[in-house]
Amino acid sequence: MGKTGFKNILHILIILIFNSFLAHSNAQNLSENKIVNDTIRKSDTVVLKKEQLEAVVQTKADNIRNDIPKKMTYLNKKAQVKYQDMQIDADYISIDWDKSLIFARGELDSLGKIKNPALATQGGKTYEYDEFTYNIKTRQAIAFNARTEESEGVIVAEKTKKYNDSVFFMRRGKYTTDEYFIKKKDTIADYYLLAPNIKLIKGKDKSQVITGPIQMYIEQVPTPLIMPFAILPFSDKRSAGILIPSFGEREDVGFFLNALGYYQPIGEHFDLKILTDIYTKGSWNLRPEVNYKKNYKYTGNFSADIGTTIRGIKGLSDYSKTGTYRIAWRHQQDSKANPFLTFSASVDVVSNKFYNNTVNNNYAFNQNNLNAQQNSSVSVVKRFLTLPITITGTSSYSQNFSTGLADLKLPVLNVAINQFYLFKPKTGIRQGLLENITVNTGLNLNNYVQTNEGELFRKPMWDKMQTGVKNNIALGTNTTIAKYFTFSLSANIDNALTTKTLTRNYNPLTNTVDDILNKKIAGYSSFSTSASLQTVLYGMLNFKKNSGIQAIRHMMTPQIGFTYSPDFSAPGFGYYKNYFNDRGEMTQYSIFDKGIVGSPNSGLVQAMSFSINNNLEMKVKSKKDSTGIKKIKIFESLNFNTNYNFAAPVYKWSMFTFSGQTTLFDKLNLNTGLTLEPYQIIFAPGEDIGIRTNNFGHFSIQGFNAQLSYPLSSAIFEKKDKEEISKKYHKKGEIRNENYYFDDDNYSQFSQPWTLNINAQYGYTRSLTRFGNKVASVGLDGSIKLTPFWNITGNLYYDVITKEIANTQLGFSRDQRSFTINFNWIPYGQYKVYDFFIGIKANILRDAVKYKDRSFTQPNAPF
């Protein structure tokens with residue numbers, strides 16, 4: 001007993017001495033008469049000398065064992081160690097006090113594999129590991145199968161070395177943004193980027209990953225997408241990155257990579273994007289773009305599209321090489337910047353055959369290759385706080401691709417005076433014709449020239465430039481007569497001045513009419529006035545109460561007017577001259593023809609105009625409507641117009657025009673137009689062009705057009721009760737099927753929304769010809785969502801006259817959780833092309849390995 005007591009006392013003394021250095025908190029609970037068991041304790045706090053550690057190491061576990069000789073502490077089950085801002089949670093932790101090393105391991109299953117990882121939390125971030133070794137003094141660590149979450153993604157590495165609190169080195173790291181994998185709904189990511197070596201640099205406001213060679217894996221299958229290096233920035237700010245291309249084939253130029261490029265932010269308000277298109281047959285395209293934005297001030301971008309299109313085989317007859325260019329500038333001022341001075345620009349200058357030769361397939365998919373012309377403009381608008389004046393300065397450039405000519409207006413200055421009342425009463429209540437007289441006036445200065453590409457901004461262009469000034473004064477008034485009639489009066493005065501006049505002669509040597517523009521200042525003044533009387537008539541036809549049709553209502557708006565304008569072609573004005581044509585007939589022309597200020601009216605006008613506008617509606621019984629009555633529009637508008645000129649020597653009646661618009665069955669939109677010639681047209685034998693006679697009453701169709709559109713969708717045919725469906729399909733899917741609902745037999749239910757627009761048009765124009773011209777086409781465009789992740793879109797247009805498919809496009813898109821797959825195909829037409837693209841959806845990789853162009857002009861830009 002004595003020996004045993006001596007041994008116990010010796011143990012107690014050793015523990016007390018050791019705990020005076022390592023366990024200050026527990027030492028307070030010990031007494032000299034208490035025997036301490038060194039195998040099991042619930043909590044322990046260890047303090048080292050200041051020269052060894054800078055803070056207290058706190059430990060906690062279900063089972064804690066201290067091995068004094070080896071200077072080791074072992075923690076089992078719900079083990080936890082805290083040191084400064086570092087916290088380690090694991091199933092097993094060992095502490096080597098001599099080497100200042102902490103080893104942590106996750107929970108093992110029956111087969112010895114990790115089923116619950118160890119956790120380390122530092123700086124508000126949590127890291128997961130299978131095994132983890134941490135040096136308390138140096139704060140360095142080595143971990144195996146570490147899982148590190150950064151921004152929208154996660155990195156899983158076979159081996160990770162923590163060099164310090166800011167730098168981590170990783171071996172065979174996998175990075176993914178798959179939200180199912182991040183939330184641990186799935187044990188395998190649908191995609192990841194694999195790199196043999198990764199360096200993670202953590203900063204206060206941002207972090208970034210720098211890798212060597214990196215390869216994309218989809219569903220654990222390696223893809224050809226390999227990059228020599230990658231920089232993934234974990235920050236809300238814009239960052240540089242490679243732009244991933246689409247690939248495919250175009251029939252005329254070969255296989256391609258489309259939109260391969262690089263994105264680079266420049267400062268706070270600019271960014272740069274450079275894209276390139278590369279084709280196997282030698283064609284190429286370069287597309288730089290600079291975007292800029294300043295909040296509450298302005299936004300815009302500069303872009304260019306420069307390339308060479310090569311078709312055929314060099315040395316053969318079908319070989320061609322065409323250079324193309326496009327230069328564009330967009331600028332939009334924020335409305336809050338300056339309400340009194342606004343500047344905007346939409347400049348788009350292209351080579352004449354750009355859309356037919358460019359290898360940028362976006363123009364084909366967007367149908368820009370059908371453009372007949374291109375317009376550009378720059379404008380400045382100045383308003384005043386105290387003056388009722390608005391000054392607008394505009395420069396415009398319009399290209400016509402069929403003629404190769406361009407219209408340039410440089411500049412156009414318009415000064416408009418706000419509308420005002422000439423005799424405004426002091427009481428503010430206007431009555432009668434006099435007090436209702438309004439005045440609209442302004443001054444327009446125009447510089448215009450029509451030129452071609454080769455003459456642009458050269459001497460021939462400036463020689464052809466025309467300058468014109470025009471002032472317009474419009475007076476108008478109206479009043480009510482006999483309660484039901486509206487009487488209106490108006491007058492229009494034009495004053496114009498121009499620097500070019502026209503001289504027209506017939507040249508018998510060339511058998512052509514020569515037009516010569518003379519550098520001569522000339523002007524004119526013209527005047528016209530009109531009066532009109534209008535009313536509204538209503539008619540109602542009621543049916544029996546039990547009838548399906550309850551009533552038909554007809555609203556008619558007739559109008560009669562009279563217009564007077566002097567004959568400004570009289571010799572006394574000097575506005576018109578004569579020349580002898582090829583048949584020796586004296587022909588009249590205006591010296592202001594082909595000018596920019598227009599020409600005054602030719603011939604005396606004393607014309608009576610007639611117009612009738614109609615609206616026809618019907619009321620029918622309907623069980624679906626809460627009132628039991630439903631309105632159906634038979635004709636929303638049905639209009640008729642013509643006029644009779646008393647002063648005309650021949651053809652006093654003008655064309656009779658009809659137009660109508662209606663919506664049938666709530667969806668079918670129909671627009672029609674009809675033009676009738678009231679005079680007889682006769683044709684000489686063998687002639688296709690007719691002669692208009694003065695024989696009134698022989699009506700013939702000179703023009704007819706009809707456009708029909710019928711939008712359909714799944715919502716129209718939806719007849720199932722949604723509540724019954726929700727009762728039957730009540731189980732929500734899990735993991736990958738969480739967008740589906742299942743019934744008790746595990747059959748899924750999901751909506752398949754679809755749209756289908758049917759368009760048809762028919763046009764007929766005769767214009768004094770024997771047979772006329774016809775245009776007819778039928779078009780379909782629509783979309784269907786096969787599943788919550790599959791979407792198909794397409795369109796088809798068929799020319800009924802030529803019996804050819806005019807335009808067809810088909811597109812598929814697949815949502816793969818973390819990325820999307822897009823496929824677009826044009827099987828017919830000038831461009832036969834397919835395009836395939838895979839892109840990551842996460843914002844962090846839209847900037848680094850870009851899926852979409854994220855710049856200032858996009859709504860999600862971080863500005």
Side-chain angles (χ1 to χ4, degrees), residues 407-409 412-417 439-451 462-476 489-508 512-531 561-609 643-655 692:
D407 295 336
L408 179 64
K409 295 181 179 180
V412 175
L413 183 66
N414 185 71
V415 180
I417 299 175
V439 180
N440 289 276
T441 185
L443 185 70
N444 181 269
L445 171 66
N446 193 358
N447 293 277
Y448 167 82
V449 67
Q450 187 176 74
T451 185
W462 299 115
D463 290 341
K464 293 190 294 184
M465 177 75 76
Q466 298 183 50
T467 300
V469 181
K470 192 172 184 178
N471 166 248
N472 174 263
I473 303 173
L475 304 174
L489 280 173
S490 65
N492 197 75
I493 303 169
D494 284 328
N495 300 287
L497 198 66
T498 183
T499 59
K500 296 286 178 70
T501 60
L502 176 69
T503 299
R504 179 171 291 170
N505 294 301
Y506 170 70
N507 190 336
T512 58
V513 175
D514 294 335
D515 288 338
I516 301 173
L517 287 175
N518 309 298
K519 293 183 179 180
K520 181 181 178 182
I521 297 176
Y524 71 85
S525 296
S526 65
F527 167 79
S528 66
T529 185
S530 64
F562 182 80
T563 301
Y564 170 78
S565 178
D567 181 10
F568 294 103
S569 65
F573 290 102
Y575 302 155
Y576 283 79
K577 292 185 178 180
N578 300 305
Y579 78 100
F580 293 96
N581 62 17
D582 57 345
R583 293 191 295 267
E585 300 170 341
M586 185 173 288
T587 306
Q588 192 178 63
Y589 74 95
S590 173
I591 64 173
F592 301 103
D593 286 345
K594 293 193 173 183
I596 60 174
V597 293
S599 301
N601 294 330
S602 172
L604 179 64
V605 177
Q606 296 175 346
M608 185 74 72
S609 62
N643 66 70
Y644 182 86
N645 188 358
F646 294 96
V650 291
Y651 312 132
K652 295 181 181 295
W653 286 98
S654 69
M655 293 284 189
R692 193 182 188 195

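Residues satisfying the salt bridge (Lys or Arg N to Asp or Glu O under 4.0 Å) criterion with Lys520, sequence neighbours excluded, are absent altogether. Every salt bridge (Lys or Arg N to Asp or Glu O under 4.0 Å) that Lys464 has, sequence neighbours left out, goes to Glu455. Not counting sequence neighbours, the partners of Phe573 by the ring-ring contact (aromatic ring centres under 6.0 Å, His included) test are Phe568, Tyr575.
Among all heavy-atom pairs drawn from Gln588 and Ser602, the shortest one is OE1-OG, 3.4 Å. For the pair Gly561 and Met608, the tightest heavy-atom approach, listed with the atom from each and the gap, is O-SD, 3.1 Å. Residues Leu489 and Ala531 approach most closely at CD2-CB, 3.4 Å, considering heavy atoms. Counting all heavy atoms, side chain and backbone alike, Leu502 lies closest to Tyr589 at O-CE1, 3.5 Å. Heavy-atom minimum distance, Phe592 versus Gly523: CZ-O, 3.5 Å. Between Ser569 and Gly603, the shortest heavy-atom distance links the atoms OG-N, 3.6 Å.
At a threshold of 4.5 Å between non-hydrogen side-chain atoms, the residues Asp514 and Thr512 count as touching. Here the side chains of Leu445 and Thr467 are in contact, with some heavy-atom distance below 4.5 Å.
Atom CG of Asn505 is separated from atom CG of Asn581 by 12.5 Å, given to the nearest 0.5 angstrom. Atoms CD1 and CG, from Ile473 and Leu475 in turn, are 7.0 Å apart once rounded to the nearest 0.5 Å. Distance check: Asn578 CG to Arg504 CZ gives 11.5 Å after rounding to the nearest 0.5 Å. In this structure, the separation between OG1 on Thr498 and CD1 on Ile591 is 9.5 Å, given to the nearest 0.5 Å. From Asn446, atom CG reaches atom NZ of Lys409 across 5.5 Å, with rounding to the nearest 0.5 Å. Distance check: Ser530 OG to Asn492 CG gives 8.5 Å after rounding to the nearest 0.5 Å.
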Assess whether side chain to side chain contact (heavy atoms under 4.5 Å, CB included) is satisfied between Asn645 and Gln606, documenting all intermediate values. CA-CA 5 Å; Asn645 188 358; Gln606 296 175 346; 4.3 Å; yes
Apply side chain to side chain contact (heavy atoms under 4.5 Å, CB included) to the pair Tyr448 and Met465, showing each step before the final yes or no. CA-CA 6 Å; Tyr448 167 82; Met465 177 75 76; 5.5 Å; no
Is there a side chain to side chain contact (heavy atoms under 4.5 Å, CB included) between Ile516 and Asn518 once you walk through the steps? CA-CA 6 Å; Ile516 301 173; Asn518 309 298; 3.8 Å; yes
Stepwise side chain to side chain contact (heavy atoms under 4.5 Å, CB included) check, Tyr564 with Leu604: CA-CA 8 Å; Tyr564 170 78; Leu604 179 64; 3.7 Å; yes
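Counting non-hydrogen atoms of neighbouring residues, nucleotides and ligands closer than 6.0 angstrom, the NZ atom of Lys577 reaches no more than 12 such neighbours.
No side-chain donor-acceptor contact under 3.5 Å links Tyr506 to the backbone of Gly584. Between the side chain of Ser654 and the backbone N or O of Asn643, at least one donor-acceptor pair lies under 3.5 Å. In this structure a side-chain-to-backbone donor-acceptor pair under 3.5 Å is missing from Gln466 to Val597. Looking at Thr499, its side chain never comes within 3.5 Å of a backbone N or O of Ile521 through a donor-acceptor pair. Judged purely by atom type and a 3.5 angstrom limit, Thr441 uses its side chain to pair as donor or acceptor with the backbone of Asn472. Between the side chain of Asn601 and the backbone N or O of Asp567 there is no donor-acceptor pair closer than 3.5 Å.
For the side chain to side chain contact (heavy atoms under 4.5 Å, CB included) with Asn471, the qualifying choice from Leu497, Asn495, Asn444 is Asn495, the only one to do so.
Donor-acceptor pairing under 3.5 Å is recorded for the side chains of Ser599 and Asp593.
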